[in-house]
Each structure stands twice: as C-alpha cells, then as structure tokens.
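Just so we're clear, the structure is a prediction, and the values are computed from it rather than from any experiment.
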Amino acid sequence: MWRLEADAAVPCWRPESPPDGVTLAFTTRRGGVSEGEFASLNLGGSSGDREAAVHENQRRTLAALGLAAGGLATAGLVHGAEVAAVDGPGHSRDCDALLTRAPGVVLTVTTADCLPLILTAPGTVAAAHCGWRGTAAGLPGRVLNAVCAAAGATPREVRAHIGPCIRPCCYEVGPEVAGRFPASVGHRTGDRHRLDLAAAARLQLLESGVPPEAIFDTAACTCCSPGWYFSHRRDGSRYGRHWALAAMSRG
Ligand SMILES: [Zn+2]
C-alpha cells in the first residue's frame, strides 16, 4: 500500500491507492533546505533549527503534495492521549492527535522516533503522534474511537497507516517502560527489552475491531537509516522532525 517515492523532489511515503480526494503522506529527511543535524527536510518548529528554513521546508512539502499552506493544522504533542477535533487550520495545544471532517484542513503531527499513525474513515481523517507514553496510555485506540464517533463508522470501515518510527531493532527500553506494554509487543533477552511500538499500536486497533488487512505499515525504522530519517535515539538532543500528514480536498 505504501511506497517511498525516493526520486521525487520532496521524497515522501505515499499510498498507492488513497481514497478519492484524500492526501496522505509520511515525509523523510530529504528534499529540504535545513543544514547540519537538521538536513534537510526538518519540519519541526521547536527543534532549534532556523525558523526560516523550517517554513521553507513546510512550504516545499505542501506544494509537492498539492496542498494549500493556509490549511495547516498542528498539535502541541505533549506525550499524552488526547485527541482534538478541528474544523479549521491552527494550532491545538495539549493534544497528540488531530481529527477533522473539514475539507481543506491539512492535519500534521511531527515525529522523529515516535510512531506516526494516520486513520481514515468515510469523510474523516486523523493523525496521531504515538510515543511510548501515549501508546501505553491507549492513544491509538482512543484515536480510533474518536474517528468512528466522528464518521459514524464502525472499526471495520477504518483504514490505519503506520509511518516510519523506531523499531525493535533499535529500541531498547528499561523494564519500567517494557512493563507498561503486553509481553507480546516486544522482545526480551535477559534483562534487556526491545519495544515494538508498531505492534503495540496494531494490537490496540485489532482489539477494537479494525481488520488486520486494513492496517498498512511502512515498516521503516527511523534509527536504522540515517540517510532517510531523523532519530532522537540516534542523533541526541538536536534532531529534525518528520511530518505525518492527512487532508481531504475541497469539492
Ligand atoms: Zn532499527
């Protein structure tokens, strides 16, 4: 379902057959103007990068996807489990997921290693930033419930999309973190735990009734591929951010 358009001017993961009038994307670090540790498509406004560079990166990304910059909706990203329903552009504080039924609104959440999750249902799109805290607090399941309620849909009508994030190949966590998740969503070797955030999100969606064939995963690890992705775990305190983006067109 998802394909990395590696040769595009702004290389992104794009769905091969998105619903009519719906634009979905997961960006990579390529195709922007930022320099140094932020090279090059850093889309995170609070990353420490030059503001002008981030704005240019955002402009390029929206233009490449055929979207109007005036529709941009962003989220505060506080590692919680709150979902904000929005009907216009702007910034929503104190939430980690955005949902809209309004055409022209471009939902974005920024991530580096955290799991970017996009859900679609008839007439509704949502985008969520799922770190381990939000995932442990049930954010994927909460976004699903919010999408179903907004769309008047059942979980069987929802499509779920998992973008590039840190994977168990690279995500060693302490027992205090691993203990917040079912044993089935990671690997344990002695006292070492490797957490699988994507499996944790998938499990919440499956348990709520999303069909397995309706969950589409890019399977990309941010930490493994420094040429393609930013990674907090790998790069330290100064690192760029990707976008997960979901929008419905007008008319
Ligand atoms: Zn990895």
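Nearest heavy-atom pair, I166 versus C221, reported as atom, atom and distance to 0.1 Å: CA-SG, 4.2 Å. Residues A68 and V106 approach most closely at O-CG2, 4.1 Å, considering heavy atoms. The heavy-atom pair separating R233 from C223 by the smallest distance is CG-SG, 4.3 Å. In plain terms, the two heavy atoms of D113 and S231 that are nearest each other are OD1-OG, 2.9 Å. A pairwise comparison of heavy atoms in P116 and P164 identifies CD-O, 3.2 Å as the closest pair.
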For residues 120-137, run the donor-acceptor check on the side chains, cut-off 3.5 Å, and write out each pair with its distance to 0.1 Å, sequence neighbours left out.
{"unit_1": "T124", "atom_1": "OG1", "unit_2": "R101", "atom_2": "NH1", "d": "2.8"}
{"unit_1": "H129", "atom_1": "ND1", "unit_2": "D96", "atom_2": "OD2", "d": "2.7"}
{"unit_1": "T135", "atom_1": "OG1", "unit_2": "G131", "atom_2": "O", "d": "2.7"}

Listing, residues 82-92 side-chain donor-acceptor contacts under 3.5 Å, not counting sequence neighbours, or none:
{"unit_1": "H91", "atom_1": "ND1", "unit_2": "T74", "atom_2": "OG1", "d": "2.7"}

Which donor-acceptor pairs under 3.5 Å do side chains of residues 146-159 form with protein atoms, sequence neighbours excluded?
{"unit_1": "T154", "atom_1": "OG1", "unit_2": "R156", "atom_2": "N", "d": "3.3"}
{"unit_1": "T154", "atom_1": "OG1", "unit_2": "E157", "atom_2": "OE2", "d": "3.4"}
{"unit_1": "E157", "atom_1": "OE2", "unit_2": "T154", "atom_2": "N", "d": "2.9"}

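Counting only heavy atoms from C-beta outward, the side chains of R194 and E172 approach each other to under 4.5 Å. Proximity of R234 to P226: side-chain heavy atoms (C-beta onward) are separated by under 4.5 Å at one or more points. Side-chain contact between H161 and F26 is present, with at least one heavy-atom pair separated by less than 4.5 Å. Within the 4.5 Å cutoff, the side chain of S47 has no heavy atoms near those of the Y239 side chain. In this structure, the side chains of H242 and L43 stay at 4.5 Å or more apart for every pair of heavy atoms. Side-chain contact between V22 and L24: present, with at least one pair of heavy atoms (C-beta onward) separated by less than 4.5 Å. Between L203 and S184, the closest side-chain pair of non-hydrogen atoms falls below 4.5 Å. Between V185 and L195 the shortest side-chain heavy-atom distance falls below 4.5 Å.
Of the possible donor and acceptor atoms, one in the side chain of T27 sits under 3.5 Å from a partner among the backbone N and O of W243. Of the possible donor and acceptor atoms, none in the side chain of T222 sits under 3.5 Å from a partner among the backbone N and O of Y229. Between the R142 side chain and the A81 main chain, a donor and an acceptor come within less than 3.5 Å of each other. Side-chain atoms of T108 come within 3.5 Å of backbone N or O of A73 as a donor-acceptor pair. The closest donor-acceptor contact from the side chain of R93 to the backbone of G76 lies at 3.5 Å or more, if one exists at all. At least one donor-acceptor pair under 3.5 Å links the side chain of T28 to the backbone N or O of R30.
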The test is side-chain contact (heavy atoms from CB on, under 4.5 Å); show your working for C224 and C169 and say whether it passes. CA-CA 8 Å; C224 277; C169 42; 3.6 Å; yes
Intermediate values then yes/no, side-chain contact (heavy atoms from CB on, under 4.5 Å), S34 and N57: CA-CA 8 Å; S34 293; N57 292 338; 2.9 Å; yes
Quick one: do E16 and M1 satisfy side-chain contact (heavy atoms from CB on, under 4.5 Å)? Show the steps, please. CA-CA 5 Å; E16 284 170 1; M1 165 83 179; 5.7 Å; no
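Between the side chains of S208 and N145, no donor-acceptor pair of N or O atoms lies under 3.5 Å. A side-chain donor from one of N42 and D49 sits under 3.5 Å from a side-chain acceptor of the other.
The cluster map of Ile, Leu, Val, Met, Phe, Trp and Tyr, joined by side-chain heavy atoms under 4.5 Å apart, puts F216 and I162 in different clusters. Both L107 and M248 belong to a common hydrophobic cluster when Ile, Leu, Val, Met, Phe, Trp and Tyr are linked at side-chain heavy-atom distances under 4.5 angstrom.
Of the candidates Q58, E56, E51, Q58 is the only one forming a side-chain contact (heavy atoms from CB on, under 4.5 Å) with V54.
In the displayed structure, E5 atom CD is contacted under 6.0 Å by more than 12 heavy atoms of other residues, nucleotides or ligands.
Between D217 and R167 there is a salt bridge, since at least one side-chain N of the basic residue sits less than 4.0 Å from a carboxylate O of the acidic one.
W2 does not carry R14 over the face of its six-membered ring by the limits of under 6.0 Å from the centre and within 45° of the normal.
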